[in-house]
Amino acid sequence: SAVISQKPSRDICQRGTSLTIQCQVDSQVTMMFWYRQQPGQSLTLIATANQGSEATYESGFVIDKFPISRPNLTFSTLTVSNMSPEDSSIYLCSVPSRRTQYFGPGTRLLVL
Amino acid sequence: AQKITQTQPGMFVQEKEAVTLDCTYDTSDQSYGLFWYKQPSSGEMIFLIYQGSYDEQNATEGRYSLNFQKARKSTNLVISASQLGDSAMYFCAYFMNTGFQKLVFGTGTRLLVSP
């Protein structure tokens, strides 16, 4: 099984600022995913991050708002740019494995 | 696009009883997988059980089992002998076996286990 850590675990930010969330995996993985969970809602995929290529974004998400880096096979970052209160969510990274997908503990973001 | 439906926003069960959480999906894919996750109030997503579309038997993991009805496109989670610690949100998720491996989630069911 994969062990995934995220930093920070939570943060409170002012609108208009940016926050970078880190995701570290204890093994090398080709694909990493970033999900958003708005309050009281289900999880929605933001983008797929492959090492060595640009991230692939889902409909409704754009690179300018959610830039992603994937410098190696164990690490990725998601930046939430120019934040507004609507960005208040839990952000989770995940990695696939045989017959499952493991999630990080999540980053709880509150934008004031 | 695949649509995952969980029609029960909330369920109540007494401790030690069994409970079934419903999930249906809409797809034309032949090869796919279905996951169930538990999300306690801490926010973490805990993997519970997986069912592949070509699996011949319903999946079982400890107190968790699936009632997988492929023709009806449903995969209901059965939790036996409920415990207080089972109180959480439960999400059903669909996975298409194309290599992209992304998950599409249902809206979730909040389970409350009472003493």
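In what follows, chains are A, B, ... by sequence order, proteins preceding strands, each numbered from 1.
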Once rounded to the nearest 0.5 Å, what's the spacing between atom [atom1] of [X] and atom [atom2] of [Y]?
| X | Y | atom1 | atom2 | value |
| --- | --- | --- | --- | --- |
| A:Ser42 | B:Tyr37 | OG | OH | 12.0 Å |
| B:Lys102 | A:Thr56 | NZ | OG1 | 9.0 Å |
| A:Tyr35 | B:Met45 | OH | CE | 9.0 Å |

| Taking a hydrophobic cluster as the set of Ile, Leu, Val, Met, Phe, Trp and Tyr residues connected by side-chain heavy atoms closer than 4.5 Å, whether directly or through intermediates, do A:Val95 and A:Leu45 fall within one such cluster? |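 Different hydrophobic clusters.
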
| task | Report yes or no: do B:Met11 and B:Tyr90 belong to one cluster of Ile/Leu/Val/Met/Phe/Trp/Tyr joined by side chain heavy-atom distances under 4.5 Å? | result |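 They do share one cluster, since a chain of ILVMFWY contacts under 4.5 Å joins B:Met11 to B:Tyr90.
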
Got more than 12 heavy atoms from elsewhere within 6.0 Å of [atom1], [X]?
| X | atom1 | value |
| --- | --- | --- |
| B:Lys73 | NZ | yes |
| B:Arg63 | CZ | yes |
| A:Lys7 | NZ | no |
| B:Glu15 | CD | yes |

| field | Among the listed options B:Arg110, B:Gln39, B:Met89, the residue most often paired with chain A at heavy-atom distances under 4.5 Å | value | B:Gln39

| said: For a quick test of reading the model, state the closest non-hydrogen atom pair linking B:Phe35 to A:Gln101 and the distance between them. | reply: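 Scanning both residues completely, I find the closest heavy atoms to be CE2-N, 3.8 Å.
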
| query | Looking at side-chain heavy atoms only, is the closest gap between A:Gln41 and B:Phe105 below 4.5 Å? | reply |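 Answer no - side chains too far apart.
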
| field | A:Tyr102 and B:Ile46, any side-chain heavy atoms less than 4.5 Å apart | value | no

| field | Closest-packed option against chain B by number of heavy-atom pairs under 4.5 Å, given A:Gly104, A:Pro96, A:Gly106 | value | A:Pro96

| Per-residue contact mode, B:Gln6 against chain A (heavy atom under 4.5 angstrom) |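 Contact with chain A is absent: no heavy atom of B:Gln6 under 4.5 Å.
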
| field | Region of A:Pro105 in contact with chain B, defined by heavy-atom distances below 4.5 Å | value | backbone

| task | Please report the C-alpha distance between B:Leu103 and A:Phe103 in whole Å, then the side-chain angles of each, then the deciding distance to 0.1 Å, and finally whether the side chain to side chain contact (heavy atoms under 4.5 Å, CB included) criterion is met. | result | CA-CA 12 Å; B:Leu103 299 180; A:Phe103 283 82; 4.3 Å; yes

